[in-house]
Amino acid sequence: MHLPTYDDVVAAAARLAGQAHQTPVLRSATADARWGANFFFKCENFQRMGAFKFRGAFNALSKFDAAQRRAGAIAFSSGNHAQAVALSARLLGMPALIVMPQDAPAAKLAATRGYGAEVVLYDRFSEDREALTQRLAAERGMTLIPPYDHPT
């Protein structure tokens, strides 16, 4: 796996400029006193779609070439990554397909669909989400953006 370099981080920051919110870092005197340490809380819950996953998804999708943009992005997730890919795809004008478990929280399903993604449901107890996603990606020519272990 390619580990990101400093230059990769600088380039990602440029791609995210004007897209990702600059979320605050907050302190808690109560937490500091209770545990005898200095705590800093990066409030990514104030990020677009409510999680840090937006940064990675938008950065990854913004690097797509023209053919990838036409075909779109595909991901598997039961929540935050699903929403991040769906929103990023909408902002970049490309299709998104998200493979989600049938028992995903209703709010996560609604939000993912609300951002414009097509959702394919699967049974987590009898189906392999990664195999299903790989098959759909191959059939549709979409680019897979996994929820973790991805350098961008």
Point-to-point distance, once rounded to the nearest 0.5 Å, from OG of S77 to NZ of K108
8.0 Å

More than 12 non-hydrogen atoms from neighbouring residues, nucleotides or ligands closer than 6.0 Å to CZ on F52, yes or no?
no

Can a donor-acceptor pair be found, under 3.5 Å and without considering hydrogens, that links the side chain of D32 to the backbone of A29?
no

Roughly how far, to the nearest 0.5 Å, is CZ of R70 from CG of D65?
8.0 Å

Contact check, side chains of R69 and L61, non-hydrogen atoms, under 4.5 Å
no

Which heavy atom of L132 sits nearest to which heavy atom of E127, and what is that distance?
CD2-OE2, 4.4 Å

Rounding to 0.5 Å, atoms CG (D103) and CG (L121) come to a distance of 9.5 Å

Transitive ILVMFWY side-chain link I145 to L97, under 4.5 Å
no

Applying the side-chain contact (heavy atoms from CB on, under 4.5 Å) test to F54, which of H21, E44, M49, Q83 qualifies?
M49

Minimal heavy-atom distance between R55 and T23, with the atoms involved, is NH2-OG1, 3.5 Å

Can you run down the side chain to side chain donor-acceptor pair (under 3.5 Å) pairs that involve residues 135-150, sequence neighbours left out, and say none if there aren't any?
Q68-T143, E118-R140, R135-E139, H150-T152

Under 3.5 Å donor-acceptor, K53 side chain and G79 backbone:
no

Rounded to the nearest 0.5 Å, what separates atom CE in M142 from atom OG1 in T133?
11.0 Å

Tightest non-hydrogen contact, residues A75 and V85, listed as CB-CG2, 4.1 Å

Please name the pair of heavy atoms, one in A82 and one in T112, separated by the smallest distance, quoted to 0.1 Å.
CB-OG1, 3.7 Å

Going hydrophobic residue to hydrophobic residue with side-chain gaps under 4.5 angstrom, can you get from L144 over to V120?
yes

About how many Å separate CD1 of I98 and CD1 of I74, when rounded to the nearest 0.5 Å?
8.0 Å

Pairs touching residues 70-119 that satisfy ring pair (Phe, Tyr, Trp, His ring centres under 6.0 Å), sequence neighbours left out
none

Test side-chain contact (heavy atoms from CB on, under 4.5 Å) applied to N80 and Q47, step by step
CA-CA 11 Å; N80 291 339; Q47 189 51 261; over 6 Å; no

Check for a donor-acceptor pair, side chain of R129 on one end and backbone N or O of Y122 on the other, with a separation under 3.5 Å.
no

I need the minimum non-hydrogen distance between A104 and S78, along with the two atoms involved.
CB-O, 4.0 Å

In terms of the angle between their ring planes, are F39 and W35 parallel, tilted or perpendicular, with boundaries placed at 30° and 60°?
perpendicular

Distance col, row Q19:CD vs N59:CG, nearest 0.5 angstrom, shows 11.5 Å

Compare every heavy atom of A117 with every heavy atom of A86, then report the nearest pair and how far apart it is.
CB-CB, 3.6 Å

R27 NZ/CZ over F40 ring centroid, <6.0 Å and within 45° of normal
yes

Do M94 and L16 belong together in a cluster built from hydrophobic side chains that touch within less than 4.5 Å?
yes

